[in-house]
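Report on the following structure.
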Amino acid sequence: MRKQIIAGNWKMYKTATDARRFMQAINQTDWASELDIVICAPSITIPALIEELKGTERGIAIGAQNVHWEEEGAFTGEISVSMVKEVGARYVIIGHSERRTLFGETDEMVNKKVKRVLEAGLIPIVCVGESQTEREQGRTNEVVGMQVEAAFQGIEKKDMTKVIVAYEPVWAIGTGLASTPTDAEMVIAEIRRQISHLYDVETAESVRLQYGGSVKPNNIKSFLASPNIDGALVGGASLAADSFSQMIGAMEVSS
Ligand SMILES: O=C(CO)COP(=O)(O)O
C-alpha cells in the first residue's frame with residue numbers, strides 16, 4: 001500500500017516571516033495525520049520553517065523547489081543539494097513546468113538533478129506534464145512518456161522506488177481549470193505502466209504518483225479516489241494554512 005502524500009509548492013511566495021505565521025497557524029490546528037505532508041518553500045525560508053516545526057507533532061517535512069546538479073562551483077545564484085539538506089530539506093521538486101518553460105530547464109538537466117538529489121539521500125518530486133497544444137494534438141502520453149524516460153535515465157531500481165512523480169498538465173497550473181479525475185487517472189496509470197516497462201511491476205507499484213494543477217480543498221478528494229493517484233502537488237491552495245489543513249482533512253477521509 002502506497003502512503004499518500006500531499007506537497008505544497010509555495011513557488012516564489014512568502015518571506016520567512018510569512019512562513020513562520022503559516023506554520024504557527026498550522027500548529028494550532030488539531031489534526032494528526034498519517035499522510036506524508038511536505039511544504040516546498042523558497043530555500044531561504046527553510047530554516048525558519050524547520051525552527052517553527054521543532055517540538056511539534058505535525059510530521060510535516062520541508063522541501064526545496066530546485067537545486068543545481070553540481071555539488072558546488074562557480075554558479076552564481078544557484079543552490080546545491082548539500083545546502084538545502086543541511087538546513088533540513090528532505091524533498092526537492094525537480095523539473096517543474098515553470099522551471100522548464102521560464103528558465104530553460106531541459107530533460108537532461110532534470111535527469112542530472114534527479115541523480116544528485118538521490119545521491120544526497122533526498123527525495124525528488126519530479127514534475128512532468130503536457131502543454132495545452134500538445135494535449136489538443138493528442139500527444140499527452142507521448143510527451144509525458146518522453147519526460148519520464150529522460151528524467152530517470154540511469155537511475156537504478158532501488159533508487160526509483162524512492163522517487164515521486166507529479167503529473168502536472170501545464171494548462172491546469174494556476175488556471176483554476178483542473179484536469180478531470182478520470183483524465184488525470186488515465187495519464188497517471190500510463191506513467192505507472194511506463195515505469196513498469198522501464199523497470200518492473202514491483203517497482204512501478206511502489207512509486208508514488210501525484211496529480212497537480214488547480215487542486216483545491218473542494219476537488220482533492222475526487223483525485224485521491226482514483227486507484228493510481230497517491231497524492232497531490234498543490235500550488236495556490238497550499239499558501240493559506242486553512243485551505244492546506246482542509247485538504248489534509250479531505251485526504252484523511254478518502255484514505
Ligand atoms: O504548479 C503547481 C504545483 O506545483 C500547481 O499550482 P496550482 O495548484 O496553483 O494550480
Side-chain angles (χ1 to χ4, degrees), residues 4-14 18-19 22 35-43 45-46 49 60-67 84 89-103 105 109-110 113-114 117 122-132 134-135 140 143-144 147-148 151 163-181 183-184 187-188 191 208-224 226 229-251:
Q4 293 194 337
I5 173 163
I6 180 168
N9 173 10
W10 280 0
K11 310 193 178 186
M12 200 175 75
Y13 292 97
K14 293 194 193 295
D18 300 333
F22 174 97
L35 310 166
D36 276 341
I37 304 170
V38 185
I39 290 174
C40 297
S43 292
T45 66
I46 294 174
L49 287 167
I60 297 176
I62 303 299
Q65 299 170 13
N66 180 36
V67 286
V84 298
R90 288 180 37 216
Y91 293 77
V92 186
I93 295 176
I94 305 285
H96 191 280
S97 70
E98 286 149 19
R99 300 250 18 121
R100 293 178 190 258
T101 57
L102 303 174
F103 301 99
E105 199 157 297
M109 293 179 197
V110 169
K113 291 179 182 200
V114 170
V117 168
L122 270 57
I123 300 172
I125 301 178
V126 181
C127 301
V128 296
E130 82 288 4
S131 68
Q132 176 76 45
E134 289 161 344
R135 184 172 195 85
T140 298
V143 168
V144 170
Q147 289 172 336
V148 168
V163 160
I164 293 161
V165 182
Y167 167 57
E168 296 206 312
V170 179
W171 47 269
I173 296 176
T175 57
L177 296 168
S179 172
T180 63
D183 282 354
V187 181
I188 287 175
I191 295 174
R208 291 184 292 174
L209 306 178
Q210 294 176 309
Y211 168 75
S214 298
V215 173
K216 308 283 175 208
N218 64 7
N219 66 12
I220 192 165
K221 239 172 105 168
S222 58
F223 289 106
L224 267 296
S226 307
I229 304 182
D230 307 311
L233 181 57
V234 187
S238 72
L239 290 169
D242 58 352
S243 63
F244 194 60
S245 299
Q246 279 168 31
M247 287 186 291
I248 292 164
M251 283 177 75

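Order of listing sets the numbers, starting from 1, for every ligand and every atom in it. Predicted model, so just to flag it, every value in this text is computed and none were measured.
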Proximal ligand 1 atoms for [X], defined as those under 4.0 Å from one of its heavy atoms:
{"X": "Gly174", "result": "7 (P), 9 (O), 10 (O)"}
{"X": "Leu233", "result": "3 (C), 4 (O)"}
{"X": "Ala172", "result": "10 (O)"}
{"X": "His96", "result": "1 (O), 2 (C), 3 (C), 4 (O)"}
{"X": "Glu168", "result": "1 (O), 2 (C), 3 (C), 4 (O), 5 (C)"}

So is Lys216 touching ligand 1 or not, going by heavy atoms under 4.0 Å?
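No; Lys216 lies far enough from ligand 1 that no heavy-atom distance drops under 4.0 Å.
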Can Ser214 be said to touch ligand 1, with heavy atoms closer than 4.0 Å?
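The answer is yes, since Ser214 has a heavy atom less than 4.0 Å from ligand 1.
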Interatomic distance, Leu239 atom CG to Ile39 atom CD1 [nearest 0.5 angstrom]
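Here the interatomic distance stands at 10.0 Å.
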Closest approach of [X] to [Y] (non-hydrogen atoms, all atoms of both residues):
{"X": "Val84", "Y": "Ala64", "value": "CG1-CB, 4.0 Å"}
{"X": "Tyr91", "Y": "Ala61", "value": "CE1-CB, 3.7 Å"}
{"X": "Phe223", "Y": "Ala178", "value": "CZ-CB, 4.1 Å"}
{"X": "Tyr211", "Y": "Ala184", "value": "CD1-CB, 3.7 Å"}

Just to be sure I read this right, does ligand 1 sit under 4.0 Å from the backbone of Ile173, its side chain, both, or neither, counting only heavy atoms?
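It is both backbone and side chain that touch ligand 1.
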Among Glu105, Gln65, Glu168, find the one that has a side-chain hydrogen bond (donor to acceptor under 3.5 Å, both in side chains) with His96.
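Testing each of Glu105, Gln65, Glu168 against His96, the sole residue satisfying side-chain hydrogen bond (donor to acceptor under 3.5 Å, both in side chains) is Glu168.
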Charged N to carboxylate O under 4.0 angstrom, Arg90 versus Asp36?
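No, Arg90 and Asp36 are not salt-bridged.
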Shortest protein contact, atom 9 (O) of ligand 1 (heavy atom only)
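Of the protein heavy atoms, Gly236 N, 2.8 Å lies nearest.
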Atom 8 (O) of ligand 1: the protein heavy-atom neighbour that sits closest, reported with distance to 0.1 Å
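Sorting protein heavy atoms by distance from atom 8 (O) of ligand 1 puts Gly235 N, 2.8 Å first.
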